[in-house]
Amino acid sequence: MLEWLESLPLADHHCHGVLDRDLDRPAFEALLTEAETGGPPGTSPFDSQVGFALRRWCPPVLGLDAHAEPDDYLARRAELGAAEVNRRFLEAAGLDVLCVDTGYTPSAILDPPELGRLAGAEAYEIVRLERVAEDAASSGVSAEGFADEVRARVAERAATAVGAKSIAAYRAGLELSGERPRDAEVAAAAGRLLRAAATSAPRVCDEVLHRFLVWCAVDAGLPVQFHVGLGDVDADLRRGDPLLLIELLRAMDAAGTPAMLLHNYPFHRHAGYLAQVLPNVYVDAGLATHNLGHRAPALIAELLELAPFGKVLYSSDAFGLAEFYHLGALLFRRGLAGMLAGGADDGAWTPADARRVAALVASGNARRIYGLRARATLAAPQE
Amino acid sequence: MLEWLESLPLADHHCHGVLDRDLDRPAFEALLTEAETGGPPGTSPFDSQVGFALRRWCPPVLGLDAHAEPDDYLARRAELGAAEVNRRFLEAAGLDVLCVDTGYTPSAILDPPELGRLAGAEAYEIVRLERVAEDAASSGVSAEGFADEVRARVAERAATAVGAKSIAAYRAGLELSGERPRDAEVAAAAGRLLRAAATSAPRVCDEVLHRFLVWCAVDAGLPVQFHVGLGDVDADLRRGDPLLLIELLRAMDAAGTPAMLLHNYPFHRHAGYLAQVLPNVYVDAGLATHNLGHRAPALIAELLELAPFGKVLYSSDAFGLAEFYHLGALLFRRGLAGMLAGGADDGAWTPADARRVAALVASGNARRIYGLRARATLAAPQE
Amino acid sequence: MLEWLESLPLADHHCHGVLDRDLDRPAFEALLTEAETGGPPGTSPFDSQVGFALRRWCPPVLGLDAHAEPDDYLARRAELGAAEVNRRFLEAAGLDVLCVDTGYTPSAILDPPELGRLAGAEAYEIVRLERVAEDAASSGVSAEGFADEVRARVAERAATAVGAKSIAAYRAGLELSGERPRDAEVAAAAGRLLRAAATSAPRVCDEVLHRFLVWCAVDAGLPVQFHVGLGDVDADLRRGDPLLLIELLRAMDAAGTPAMLLHNYPFHRHAGYLAQVLPNVYVDAGLATHNLGHRAPALIAELLELAPFGKVLYSSDAFGLAEFYHLGALLFRRGLAGMLAGGADDGAWTPADARRVAALVASGNARRIYGLRARATLAAPQE
C-alpha cells in the first residue's frame, strides 16, 4: 500500500514560477531559505533540514549520487542548464494539476502554461488580490472610482483564474473584520493608497482594503487563499496566526465561499481546528513541508489531528527553485503515505479507507473545491 | 504492565449528558464534529481522526466488526435503540466517578444520576456559573441585588455540587483580571446584562461578571473548571489560550482554590507550564483526546512534558453521543499506558513508579482535589 | 556514531551559579520546579518528567543505583556534602565552556571561576543588563546622567564579559520597538525608575529602559541573550513569545549583533523560524531540556525543524542544583545524538554531515559567535 500511496499524482494548489536562469552558490543559497541572505559567516543554509533534504533527494534527478556536496551539485546544475533542470524537477514532481500564483515576480520566471507543459499537468492561475489593487492604483483611477475599478478587474480575471489569494498576513495582518466594508470606507482607504503612491509604488497595507479585496473575490465566485504562518522575513508572524482571521472566515463560510489557509506552520494545529469547525475552510502545509525535510511527517500528522481528510490540500509553495516542486511533492506524499499506511498497520483504519482519503488529499479535494473539471484551463493537459 | 494500566478505572471529572433519542446520519454527524453541520458536499466528518477512531472502537460494543461502514453502524445503533446504546457505552467506559456539567442542555439529555447508574459510577454535579447568573437575571432581581442573589445561588448549589465551571472562554475570553470586582462594578455590569435581557434571553459576556462568578465559587469553597482551548465554532480560540488567565490563576492560587484547565488543545503545552508553576492549577486533555483519535498519544505526551503527574486529570468532555464516554476513556487509558509502559521499558522510570503515577492521573488526583470521599453524592455508586 | 556524538564536550552558553550548601527536601523540591513551592499536599515535584529524569541519571553520579527514592537520594547528597556533590555533577557534565549569568544571586552561590574550576572548563561571564541599570540607579546618579552612567558601566563590563542578557520577558515583556530610544526618553524613564526607587529597591520594568539596555550592549560589541518562553512563576508567558521581539531583532540583525533566544519552550518553533529568517538570530532549548526529561528528544527535534544547524546552541540554564548541569548536558547530547544518528540511519544525511553539524551545535557555534578564542577568560581552562 505504501508504494501505491507514494505513486499518487498530486494537485499542487499553490505554487509560483521558477527562475529560468542559472544560479551561483550565493543566489542558490538565498533561494534555499526564507532569509534574505544565506546566513552569517561560518554558516550555510545547506546545513538545515531543507538543505539536507535537497541534498538527499535532488542530486539523483540530475544524475548524481544522493548527498552530493553543495558545490558538486551546483556544478552539475550549471552543466545541465536551467531549462533542463527545471524540466527534470517539474516532471519528477508527479503532478496532475498546478494552480499558480502569478502575483509575485521579482525576476523573469516561468509562467503557468510553461510550468504546466514541463510538469505534464493542467495549469491554472490564482489571482493575487493585492497586485490587482496595486495595478488599479497605478492606472489613474480616482479614490471614488477605485472600488468599482477593482471589482471589474477581479471579475475579469475570474473568467480564467480558478482562485484568488490574499497576502494580508504580509501587510496589515490577518485580524480582518467579518464585515463587508462600505464603499465610503473603501474610497477613504483608496485615497490613502493613492496619496502614498504619488511618491512610491502603490502598496496595499490596510485592513479595509485587504478585506474589500476578499469580498471582491467572493462576489466573483472565486475561492480565496490566505497566506498564513511562515514566510520570508517580511512576514510578521505575530500577525499571521489563522485564529486572527476567524471573523472573516465565519462570514465567508456563511457565504459558502471556500477559504484556503496556506502553509500555516507553526500554527498548523490552529488551522486544523478551523478546518474542523468551519465547513468551508481548507488547509495545507505548503512551504513548511519542504522546509522541515526529514521532519515533514510530524507536520503532516499534526495538521491531520483536527482537520478532516476532506479538508486538506497539497501545495508546494515552490518559488524560484524547481527543486521545491519535487521536494514538496515527494515529502508530502511520503509523509501522508507513511501516516496512512502506519495507521492501517495499527488497525486505526482499513487499507481501503486509507486509499480513499489519500486520493482526496492528493487531488480529489482540490478538484472538487476549485471545480477543476468545469473550468477553462490556461494550458491544455499534456497527453 | 500495559494490560494493568489499561484496566484502571477512570474518574471523568468533566462530562455532559447524552441524548436519549435515536439519531439519523445528519444528526449523528453534526454531533461527531465541533462544527454546526457535518461539512460541505463531498465530505464527511467520518473521514477524520475522530470518525476513524469511532469506527474502530465503537462497532464492537454494538456487536459489529471494527471499521463498520457509517451507514451500517447507524443502522445497528437504531436497531438497538438509544437506551441500550447509551447503557453499553457508559458501561464500557470503565469509570468509577463522573463529574457532570449540567449547564448546557440544548436537548433532552440524561442527568447525572442516570448517567451514574448506567456507568456504574459515582456521579457528581458541576455547576456552570454563567448559567446560574443567567437564571438569576431572569428571576426579576435588580442590578443592585444581583451580586447577593448570585452569591446565594452559588452557595446553595455548593451544598451538593463538587465544583463550578466558567465558560468565559466562549464569551468575553480568558483575559480576566486577578482582582475581585467591587460590588459597584458588579452592579453596573448586572445593569447592562439586565437591560440586554429585556429583549432577549440573558447572556453573560462581560469580563467583570465572569470574574465575579469565579470568586463566588472560590468563596463557596468550590474548585473551578475553566473551558480552555478548542470547543465548538462559537469559541473564539484567540481568547481561549490559558496564558491569558494567568493573573486570575495567580490570585486563585494564593487563595488555595484549585483551578482546572479543561481541554487545552492546541494550547496544552501552555497549560502544562501553568500546572508546573502554580501549585493549585490542574490540567486535562478532554474533548481533544477523542478528537485526535489515533494521535491521542502525542497529545498526552505533550501535556505531560511540564505538567507534573500529580496535576493531571482525566475527562472525556463527552456530550450528546455516549460513544464519546467510551472513546475518550479508551484512548486516554491507552495513551497514558503506552507512554508510561514505554518509559519504563526505556528505563526512564520504574514500573512501580509508572503504576503509582498512573493511578494518580486515572482517579487519585481527581478524588483528592474534589474531596470526593467527603462529599454527598447525587447518585449512590452501583453495587 | 551514537557513542561518538554522545561524547562531545559542550559549550554551555547560558547557566547560573549553584548553591554551596546542603538542602533539605522542601528546599530541594522548590529548586526542582519553576514554582515557588514544591506543590500542594498530596503531590511531589519528583513525580514529573524532570523529577524522574533526575532520579534516573543523578543517583549513579553519587554512587547510588538509578531510580533511588527521593529520600535516599537526599540522604546520600547530605552525606557527601554540597562541595563534593557540586564537584561531581559539574565534572560529569562534560563541558568545555561555561558562560555564566551572574545577575541573579538570591543566595550565596558559586561564581564563574569556581564553576569553571569544578567543570574543568573555560568560564566566561554574561552581564545581566537590568542588574547593571538597577545598580546604577542605586548609585546616586541623576535621571539626566543615567544613560551615560549605564553606557559606561556596560562598556566597562564588556572588557571581560562575553555577552549581555536581557530579562525584559520577566518585566515589561518582549514587545520591544526596534528604534533606539532618544536620550530624553531614557532620562524620562530613568526619572520614573529613580522615583520608585526612593521607597523600594530599584526594579527595571519599562519598555524604553529594556530597549536602551540592549542598545548599550550592541554598542559595547556584546552579543545579547534574551530570556524567552518558560521560566519561573514570575514570568508572564503571554509576553515571552519571541515573535513579539521581531522588530528589535530585525534592527539588531541590521547592526550585525548576534541575538540569542534562550529556552523558548513552548515557543521553540517560533524561535526556530526567527533563526532561519534572521541571519544573526540564534536559539537554544535551555531549561526546557532538563524539564522535559524523557521528552527532551521531541523538543530538540522540533527546535531543529526550521532553525539551521549553524544557528543552534546548547545551554543548561542550570540554577541552584548542580544536578541540572549534568542533566541538561546529558539529555541534550542524547537527544541531539539520537536525532542525528537516526537521520543518518534513515539516509536523511550522511554520518559525516551528522558529525559535522553535531560539533557545530555542541560548541562550534558558541565559540564562533562569542569569539571565545580571542577574549580574556575569567578562569583559565583546567585542561
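Chain identifiers are assigned alphabetically (A, B, ...) following the order of the sequence lines, protein sequences preceding nucleic acid strands; residue numbering begins at 1 within each chain.
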Max heavy-atom pair count under 4.5 Å with chain C, selected residue of [options]:
options	result
B:Ala307, B:Gly310, B:Pro308, B:Gly347	B:Gly347
B:Asn280, B:Leu304, B:Leu278	B:Leu304
B:Ala348, B:Gly256, B:Pro258, B:Gly364	B:Ala348

Contact check, side chains of C:Leu237 and B:Ile246, non-hydrogen atoms, under 4.5 Å: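 No; the side chains remain at least 4.5 Å from each other.
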Where [X] and [Y] come nearest, the two heavy atoms and their spacing:
X	Y	value
C:Gly231	B:Val277	O-CG1, 3.9 Å
C:Thr43	B:Lys311	CG2-CD, 4.4 Å
B:Glu305	C:Gln49	O-CG, 3.5 Å

Part of residues 356-363 of chain B lying next to chain C, heavy-atom separation under 4.5 Å: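 Interface residues of residues 356-363 of chain B: B:Arg356, B:Val357, B:Leu360.
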Chain C contact residues among residues 268-276 of chain B, heavy-atom distance under 4.5 Å: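 Within residues 268-276 of chain B, near chain C: B:Arg269, B:His270, B:Tyr273, B:Gln276.
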Interatomic distance, C:Arg56 atom CZ to B:Thr350 atom OG1 [nearest 0.5 angstrom]: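 Those atoms lie 12.0 Å apart.
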CZ on C:Arg295 to CG on B:Leu306, rounded to 0.5 Å: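 These two atoms lie 11.0 Å from each other.
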Side chain from CB out, backbone as N, CA, C, O: work out which of these in [X] comes under 4.5 Å of a heavy atom of chain B, or both, or neither.
X	answer
C:Asp232	backbone
C:Arg55	side chain
C:Asp241	neither
C:Ala235	both
C:Phe46	neither

Chain C contact via B:Asp346 - which portion, at a heavy-atom distance below 4.5 Å: both
